[in-house]
**Q** 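Can you read through this structure? Questions will come right after.
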Amino acid sequence: MYHAHDHSLDLNRLLETLLDEQRLEPGDTLKVLEQARNTALHPLELLANLNLTDRQRPDCILDLDTLCQWLADKTGQVYRRLDPLKIDLARVNGLISPAFARCHGIMAVARDERGVTVASAQPYQRGWEADLARSLGLPIRRVLANPVQLRQLTHTCEHLAQSIQGAQRQGASLGALEHLLEQGASACSDTVDDAHIVHIADWLVAYAVEQRASDIHLEPRQDQGRLRYRIDGLLHTVYGFPASVTLALVSRLKHLARMDVAQKRRPQDGRLRSRLAGGKEVELRLSTLPTPFGEKLVLRLFDPEQLHESFERLGLDGALLAQWHALLSRRQGIILLTGPTGSGKTSTLYASLKHLATPEVNLCTIEDPIERLEPGFNQLQVQPSLDLTFANGVRALLRQDPDIIMIGEIRDRETAQVAVQAALTGHLVLSTLHTNDACAAVTRLQELGVADYLIKATLVAVMAQRLIRTFCTDCRGQLHNADGSCRTCRGTGYLGRTGLFELLVLCEALRARIATRTDLDSFRHQALAHGMRDLRRCGEEKVAQGLTSLQEVFRVCG
């Protein structure tokens with residue numbers, strides 16, 4: 001490679017070097033030069049778009065990631081994959097003026113006590129370094145960036161910063177917003193419909209979908225609000241908004257969900273559907289919570305395609321799936337799903353309901369809230385203000401000639417008792433409980449006041465569930481201790497999740513244990529002796545299949 005300074009990459013020199021190193025076939029250069037006549041793309045991007053075979057690795061192509069790493073090695077720079085979730089965008093925004101950044105094709109990606117890290121896709125352009133270091137009064141550290149990632153992230157950050165500044169200029173100050181809210185929802189229409197706030201709200205939903213987030217957290221603070229996404233079960237800080245903009249965003253999203261914008265002292269729930277730029281539709285469930293600095297808003301994202309996920313996609317397969325199918329074929333009794341919030345109970349429950357919802361069956365659900373709208377079910381929403389509780393709702397459903405009833409959650413004694421009565425009168429009842437494992441569901445029902453003989457007569461099975469991260473298919477989990485070593489999983493080593501399941505099926509020996517009020521440890525010991533596979537063993541089997549790591553099993557199962 002050549003070592004002249006302060007000029008752009010030259011395609012011809014790049015091709016010469018790749019030929020010298022026997023990374024390209026001689027005929028490939030003609031294809032590249034022919035393509036270069038009709039485009040102004042970055043040289044590496046142009047090469048990558050042709051999907052040329054790497055002669056040093058005949059089974060691989062010279063993709064953009066490979067070419068960037070090669071160029072970084074040649075120029076003695078660090079190659080950094082730009083992951084927005086690992087960049088404190090609020091901290092680095094404003095360090096470099098948009099005009100200066102555009103002119104030189106650079107972006108600040110980190111700032112600490114040692115200086116500012118600046119990404120560029122042009123390793124030989126150095127004229128800007130001294131001016132920027134002098135302007136910032138800080139040392140500059142250079143890294144090489146993927147030109148596509150750099151262009152996309154620069155565009156996103158620039159437009160987002162402009163919208164935030166515009167929202168503040170348009171009067172979304174904390175005092176003004178408080179005044180509007182106090183006067184009612186109609187007075188807030190100008191704020192919630194401001195074009196800048198609309199753009200930010202659209203961006204945070206679209207970006208959450210792009211990043212595979214399951215939840216969006218908007219958290220107000222005294223000086224700066226925080227935006228976080230939950231991805232594969234873990235929360236990631238994405239951005240820090242000015243306090244006033246955070247409150248305006250909450251108002252905008254509440255307005256879209258037809259919630260009471262003026263009411264901010266009481267928790268509220270709502271839902272909305274959003275259509276993204278590519279036509280994809282996503283459903284969001286909203287929940288607000290009053291805090292000292294304003295309302296905290298959490299949005300849970302539901303992809304309509306998830307309604308059609310199979311049991312296998314959820315991680316329920318083999319002998320366990322056959323056993324679950326056999327249990328669902330029962331015509332009466334109680335089947336429970338247990339686990340903490342976010343453990344996948346809803347997905348498994350809806351997959352089970354879709355399996356059961358045939359034209360010959362009347363399947364009714366009562367939920368709080370209705371998690372996902374499904375045309376194959378008769379769904380009822382709990383409304384405490386109308387005295388429509390779980391217990392009263394089940395009583396109403398029993399007058400609707402149901403075959404199968406799903407109760408969103410058994411929370412209290414009254415609901416537990418009507419669930420038992422429904423099972424005793426010849427209905428199959430599915431529901432959820434919040435317990436740590438399957439065996440603890442029996443203890444929980446006893447605590448709710450259900451008589452032992454009724455548990456023994458009605459409880460068919462309990463399945464506890466957790467979600468565990470699975471290895472990235474590109475790096476197979478080999479890079480989970482490296483920072484940014486895999487572009488697919490961002491160096492975590494994991495991509496996506498699967499379920500761990502613990503299925504307790506009540507046999508006569510276990511029913512006898514219920515009747516004698518045995519302690520939980522003894523009951524669990526006997527359940528294991530009768531073939532129950534606990535969560536940790538299920539996790540160990542996933543490890544043996546090469547799907548995850550023991551560390552991940554220990555993290556989830558303890």
**Q** Which heavy atom in H199 sits nearest to a heavy atom in S163, and how many Å separate them?
**A**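 Between these two residues, the closest heavy atoms are ND1-OG, 2.8 Å.
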**Q** Hey, are R141 and T117 close enough side-chain-wise for a donor-acceptor pair under 3.5 Å?
**A**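 Looking only at side-chain atoms, R141 and T117 do form a donor-acceptor pair, the distance falling under 3.5 Å.
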**Q** Does any part of the side chain of V543, heavy atoms only, come nearer than 4.5 Å to the side chain of S549, both counted from C-beta?
**A**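 Side-chain contact under 4.5 Å: no.
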**Q** So, the side chain of T156 versus the backbone of Q152: is there a donor-acceptor pair under 3.5 Å, distance only?
**A**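 Indeed, once roles are kept as given, a pair shorter than 3.5 Å links the two residues.
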**Q** Specify the closest pair of heavy atoms between I106 and L132, including all atoms of both residues, with the distance to one decimal.
**A**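 Taking every non-hydrogen atom into account, CD1-CD2, 4.3 Å.
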**Q** Taking only residues two or more places apart in sequence, or in another chain, which ones meet N436 in a side-chain contact (heavy atoms from CB on, under 4.5 Å)?
**A**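 side-chain contact (heavy atoms from CB on, under 4.5 Å) check on N436 returns R466.
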**Q** About how many Å separate OH of Y124 and CZ of R13, when rounded to the nearest 0.5 Å?
**A**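 One finds 9.5 Å between CZ of R13 and OH of Y124.
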**Q** Would R536 and E502 pass as an ion pair if we require N to O under 4.0 Å?
**A**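 The answer is no: the pair does not qualify as a salt bridge.
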**Q** With heavy-atom distances below 4.5 Å as the criterion, would you say the side chains of T17 and W70 are in contact?
**A**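 The answer is yes, as the side chains (C-beta and beyond) meet within the 4.5 Å cut-off.
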**Q** Among residues at least two apart in sequence or on other chains, which ones pass side-chain contact (heavy atoms from CB on, under 4.5 Å) with Q224?
**A**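 side-chain contact (heavy atoms from CB on, under 4.5 Å) list for Q224, sorted by chain: A90.
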**Q** Is D112 salt-bridged to R114, going by a charged N under 4.0 Å from an acidic O?
**A**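 Between R114 and D112 there is a salt bridge, with a charged N closer than 4.0 Å to a carboxylate O.
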**Q** Quick check: does any side chain N or O of Q149 sit under 3.5 Å from a backbone N or O of L82, one acting as donor and the other as acceptor?
**A**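 Here the side-chain-to-backbone pair exists.
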**Q** Please report the shortest heavy-atom distance between A48 and L64, naming the atom on each side.
**A**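 Closest approach of A48 to L64, heavy atoms only: CB-N, 3.5 Å.
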**Q** Less than 4.5 Å apart, side chain to side chain, heavy atoms only: is that true for P267 and S287?
**A**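 Result no, sub-4.5 Å side-chain heavy-atom pair not found.
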**Q** Run the numbers on V198 and D194 for side chain to side chain contact (heavy atoms under 4.5 Å, CB included), then give the verdict.
**A** CA-CA 6 Å; V198 170; D194 176 78; over 6 Å; no
**Q** Indicate yes or no: at least one non-hydrogen side-chain atom of T348 is less than 4.5 angstrom from one of M463.
**A**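 A side-chain contact under 4.5 Å exists here.
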**Q** Look up atom CG in L14 and atom CG in L18, then write down how far apart they are to the nearest 0.5 Å.
**A**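 Atom-to-atom, L14:CG and L18:CG are 6.5 Å apart.
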**Q** Using side-chain contact (heavy atoms from CB on, under 4.5 Å) as the criterion, list what pairs up with S343, not counting sequence neighbours.
**A**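 Scan of S343 (side-chain contact (heavy atoms from CB on, under 4.5 Å), adjacent residues dropped) gives P340, K345.
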**Q** Mind checking whether I200 and L249 have side chains closer than 4.5 Å, heavy atoms only?
**A**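 A side-chain contact under 4.5 Å exists here.
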**Q** Does the ring centre of Y229 sit less than 6.0 Å away from the ring centre of H236?
**A**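 Centroid distance H236-Y229: not below 6.0 Å, so no.
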**Q** State which residues pass side-chain contact (heavy atoms from CB on, under 4.5 Å) with A133; sequence neighbours excluded, sorted by chain then number.
**A**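 With neighbours one apart ignored, the set is I140.
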**Q** Could you measure the distance from the CG atom of L247 to the CG atom of L297? Nearest 0.5 Å is fine.
**A**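 Going from the CG atom of L247 to the CG atom of L297 covers 11.0 Å.
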**Q** Check whether H255 reaches the backbone of S251 with its side chain - one donor and one acceptor, N or O, closer than 3.5 Å.
**A**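 No: the side chain of H255 does not pair with the backbone of S251.
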**Q** Is the count of non-hydrogen atoms from other residues, nucleotides or ligands lying under 6.0 Å from R537 atom CZ greater than 12?
**A**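 Result for CZ/R537: open.
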**Q** Measure the CG-CD1 distance between L47 and I61 for me, rounded to the nearest 0.5 Å.
**A**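 Spacing of CG (L47) from CD1 (I61) equals 11.5 Å.
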**Q** Search all heavy atoms of C157 against all heavy atoms of N93 and return the closest pair with its distance.
**A**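 Of all heavy-atom pairs spanning C157 and N93, the closest is CB-OD1, 4.1 Å.
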**Q** Under the criterion side chain to side chain donor-acceptor pair (under 3.5 Å), I'd like the reasoning laid out for Q69 against D65: C-alpha separation, chi angles, the key distance, then a yes or no.
**A** CA-CA 6 Å; Q69 185 64 65; D65 191 58; over 6 Å; no
**Q** Counting C-beta onward and ignoring hydrogens, is there a side-chain heavy-atom pair between L299 and D215 closer than 4.5 Å?
**A**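 With C-beta onward as the side chain, the pair stays apart.
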**Q** Test salt bridge (charged side-chain N to carboxylate O under 4.0 Å, His left out) on R533 and E541; report intermediate values, then the result.
**A** CA-CA 10 Å; R533 182 182 61 167; E541 291 176 1; 2.3 Å; yes
**Q** May I ask you to check whether over 12 heavy atoms, not counting those of R258, lie within 6.0 Å of atom CZ?
**A**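 No, the 6.0 Å shell around CZ holds no more than 12 heavy atoms from other groups.
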**Q** Using a 3.5 Å distance criterion without hydrogens, assess whether the side chain of T470 forms a donor-acceptor pair with backbone atoms of G496.
**A**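 Yes, the answer is positive, given that a donor and an acceptor are paired below the 3.5 Å cut-off.
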**Q** Would S274 and L276 satisfy side chain to side chain contact (heavy atoms under 4.5 Å, CB included), going step by step from the backbone distance to the final call?
**A** CA-CA 6 Å; S274 177; L276 307 180; 4.2 Å; yes
**Q** Can you tell me how far apart OG (S347) and CZ (F311) are? Round to the nearest 0.5 Å.
**A**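 Reported to 0.5 Å precision, the distance equals 11.0 Å.
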**Q** In chain order, what residues pass the ring-ring contact (aromatic ring centres under 6.0 Å, His included) check against H434, with sequence neighbours excluded?
**A**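 ring-ring contact (aromatic ring centres under 6.0 Å, His included) check on H434 returns nothing, list empty.
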**Q** Hey, what's the ring geometry for F241 with Y239, parallel, tilted or perpendicular (30° and 60° as the breaks)?
**A**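 Answer is tilted, since the angle falls between 30° and 60°.
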**Q** To the nearest 0.5 Å, what is the distance between CD1 (I164) and OG1 (T246)?
**A**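 One gets 8.5 Å once the value is rounded to the nearest 0.5 Å.
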**Q** So, for L500 and C557, which heavy atoms are closest and what is the spacing to 0.1 Å?
**A**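 It is CD1-SG, 3.7 Å.
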**Q** Using a strict threshold of under 4.0 Å (side-chain N to carboxylate O), is an ion pair present between K254 and E295?
**A**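 Salt bridge present between E295 and K254.
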**Q** Nearest heavy-atom pair of K296 and P220: which atoms, and what distance?
**A**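 That would be CA-CD, 3.7 Å.
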**Q** Does the side chain of L9 reach to within under 4.5 Å of the side chain of Q122, using non-hydrogen atoms?
**A**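 Yes, their side chains come closer than 4.5 Å.
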**Q** Whether E34 and K31 form a salt bridge (side-chain N of Lys/Arg under 4.0 Å from carboxylate O of Asp/Glu) is what I want to check.
**A**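 So K31 does not pair with E34 through a salt bridge.
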**Q** What's the verdict on side chain to side chain contact (heavy atoms under 4.5 Å, CB included) for M259 and L272, showing C-alpha distance, side-chain angles and the deciding distance?
**A** CA-CA 10 Å; M259 299 161 73; L272 65 91; over 6 Å; no
**Q** Evaluate the criterion side chain to side chain contact (heavy atoms under 4.5 Å, CB included) for residue pair D534 and D437; output intermediate values, then yes/no.
**A** CA-CA 8 Å; D534 63 12; D437 56 44; over 6 Å; no
**Q** Salt-bridge test for E45 and R151: reply yes if a basic N is under 4.0 Å from a carboxylate O, no otherwise.
**A**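 Yes, E45 and R151 are salt-bridged.
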**Q** Determine whether a donor-acceptor pair (N or O, by modelled atom type, separation under 3.5 Å) exists between the side chain of R55 and the backbone of L24.
**A**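 Checking the backbone N and O of L24 against the side chain of R55, a donor-acceptor pair under 3.5 Å is found.
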**Q** If you look only at pairs with a residue in residues 88-102, which of them pass as a salt bridge (charged side-chain N to carboxylate O under 4.0 Å, His left out), with sequence neighbours excluded?
**A**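 Every pair satisfying salt bridge (charged side-chain N to carboxylate O under 4.0 Å, His left out) with a residue in residues 88-102: R102-E158.
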**Q** Is there a donor-acceptor pair under 3.5 Å between the side chain of R230 and the backbone N or O of G233?
**A**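 Indeed, once roles are kept as given, a pair shorter than 3.5 Å links the two residues.
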**Q** Please answer whether the main-chain N or O of E25 pairs with a side-chain N or O of D28 as donor and acceptor at a distance below 3.5 Å.
**A**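 Side chain of D28 to backbone of E25: a pair is present.
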**Q** Would D232 and R212 pass as an ion pair if we require N to O under 4.0 Å?
**A**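 The answer is yes: the pair qualifies as a salt bridge.
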**Q** Any side-chain to backbone donor/acceptor pair from S310 onto R313? Under 3.5 Å, distance only.
**A**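 A pair under 3.5 Å: yes.
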**Q** If you define the side chain from C-beta out and look only at heavy atoms, does anything of H7 sit under 4.5 Å from Q125?
**A**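 Not in contact.
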**Q** Does atom CZ of R226 have more than 12 heavy-atom neighbours from other groups under 6.0 Å away?
**A**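 Yes, the 6.0 Å shell around CZ holds more than 12 heavy atoms from other groups.
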**Q** Would you confirm whether T492, through its side chain, and C489, through its main-chain N or O, come within 3.5 Å as a donor-acceptor pair?
**A**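 Present.
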**Q** Taking F501's backbone N and O only, do any of them form a donor-acceptor pair with Q465's side chain (distance below 3.5 Å, no angle check)?
**A**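 Side chain of Q465 to backbone of F501, a donor-acceptor pair under 3.5 Å: no, none is there.
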